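Computed from a predicted model, the values in this text were never measured in an experiment. Atom set for the values below is all heavy atoms of this structure, side chains included, hydrogens, waters and symmetry mates excluded.
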Amino acid sequence: MLKTLKKVWVIGGTSESREIVTLLVSRSIPCLVTVTTEAARSLYPPSPGLDIRTGRLTPDRLEELLCWETIAAVVDASHPYASSISHHAIAITAQFKIPYLRYERPALATEGEIVVESFQELLSGDYLCDRRVLLTVGCKTLPLFQPWHDRATLFARVLPVVNSLEVAIAAGFSPHRLIALRPPLSGELEEALWRQWHIDLVVTKASGREGGEEIKRSVAAKLGIPLLVVARPFVSYPQQTANLEDVFAFCDRHLK
């Protein structure tokens with residue numbers, strides 16, 4: 001039987017999505033939130049009016065959820081670099097004529113960092129040559145760096161979950177060049193780690209203040225270490241905001 005209670009679908013897995021869900025539930029707006037892992041599920045405390053689903057969002061699963069749930073609107077609060085799911089969500093909501101809103105954490109202004117537009121640009125240049133490099137880019141991109149192990153000394157920080165470590169090791173990172181910590185780290189811990197490994201280049205994403213980018217900038221400036229930032233992938237969002245009250249107004253309007 002099809003469900004008849006209208007709800008907002010929040011594409012989650014980020015700290016911002018937790019804030020959105022907390023706000024909506026506190027204002028009695030029913031939510032369905034989707035995350036890819038059980039670890040991400042723990043971001044959201046159990047609450048009346050909140051339905052949490054776990055699993056990878058393929059295009060077929062997106063369509064299935066829209067068919068079997070009474071979704072009044074979709075709020076995409078996925079990670080800024082999870083562009084694939086955003087492209088799929090934009091396409092499927094347009095097909096089903098369901099309102100879509102992108103919530104994205106603000107990006108920080110460039111302040112002297114080395115900025116590249118993509119991982120392809122980074123890896124096709126000589127940025128990493130003969131460097132002691134700390135990669136803070138997530139485990140999914142680490143296989144791209146595998147050909148560089150004989151041209152640079154690569155270290156990586158990954159999430160403290162088994163899958164992340166397995167991906168890193170399969171990409172050629174030995175255990176003594178890996179550290180598993182959940183960001184953001186304190187400035188003191190970042191500095192100690194960089195000093196311990198004698199890092200002379202740090203690669204990160206434009207993950208914003210929430211992702212610890214501001215702290216990395218501060219430590220890089222203090223230690224005189226170049227910070228290389230991989231820009232966010234471009235997505236043409238139908239509508240976008242960085243304001244939580246805008247999200248509430250959007251959801252409230254489409255649930256009426």
Side-chain angles (χ1 to χ4, degrees), residues 13-14 36-37 39-40 56 78-87 105 107-108 110 112-185 189-208 210-221 223-235:
T14 58
T36 56
T37 66
R56 192 166 68 89
S78 58
H79 194 277
Y81 288 81
S83 56
S84 178
I85 182 57
S86 293
H87 283 298
R105 62 182 68 163
L108 299 177
T110 303
E113 299 80 16
I114 304 166
V115 179
V116 296
E117 292 301 315
S118 65
F119 284 99
Q120 180 179 1
E121 180 183 344
L122 166 61
L123 295 168
S124 62
D126 60 359
Y127 300 98
L128 309 180
C129 282
D130 301 320
R131 296 274 202 168
R132 294 179 66 86
V133 183
L134 173 60
L135 301 172
T136 62
V137 293
C139 73
K140 291 182 180 178
T141 60
L142 293 184
L144 299 175
F145 293 86
Q146 191 160 6
W148 275 91
H149 283 294
D150 60 352
R151 287 179 278 173
T153 305
L154 302 180
F155 300 83
R157 188 164 73 229
V158 297
L159 290 176
V161 295
V162 171
N163 179 67
S164 294
L165 290 168
E166 289 176 343
V167 170
I169 290 170
F173 290 83
S174 58
H176 71 279
R177 291 189 182 174
L178 289 172
I179 190 165
L181 290 170
R182 184 171 293 279
L185 275 61
L189 187 52
E190 284 281 15
E191 181 178 343
L193 176 62
W194 299 11
R195 287 185 183 277
Q196 173 69 25
W197 279 343
H198 304 288
I199 297 301
D200 58 25
L201 176 68
V202 175
V203 178
T204 189
K205 295 176 178 178
S207 52
E210 296 84 352
E213 186 184 352
E214 197 170 52
I215 292 171
K216 293 171 194 171
R217 287 182 172 192
S218 176
V219 176
L223 299 181
I225 294 174
L227 184 65
L228 189 151
V229 180
V230 181
R232 296 178 182 181
F234 173 76
V235 179

Heavy-atom pair of closest approach, residues Leu201 and Tyr127 | CD2-O, 3.5 Å
Side chain to side chain, Phe173 and Val158, heavy atoms closer than 4.5 Å | no
Atom of Ile85, atom of Ser78 and distance for their closest heavy-atom approach = CG2-OG, 3.8 Å
Any side-chain heavy atom of Pro183 within less than 4.5 Å of one from Leu159?
-> yes
So, the side chain of Arg232 versus the backbone of Ala206: is there a donor-acceptor pair under 3.5 Å, distance only?
-> yes
Please report the shortest heavy-atom distance between Asp200 and Ile225, naming the atom on each side.
-> C-CG2, 3.7 Å
Within-4.5 Å side-chain heavy-atom neighbours: Leu135 and Thr141 = no
Find out whether Arg157 and Leu181 are in side-chain contact, i.e. whether some heavy atom of one side chain is under 4.5 Å from a heavy atom of the other.
-> yes
Side-chain heavy atoms of Lys140 within contact of Val167, under 4.5 Å = no
Are any side-chain N or O atoms of Thr136 and backbone N or O atoms of Val203, one a donor and one an acceptor, separated by less than 3.5 Å?
-> yes
So, do Thr204 and Glu113 sit near enough that their side-chain heavy atoms are less than 4.5 Å apart?
-> no
Tell me, do Lys205 and Phe119 make a side-chain contact under 4.5 Å, heavy atoms counted?
-> yes
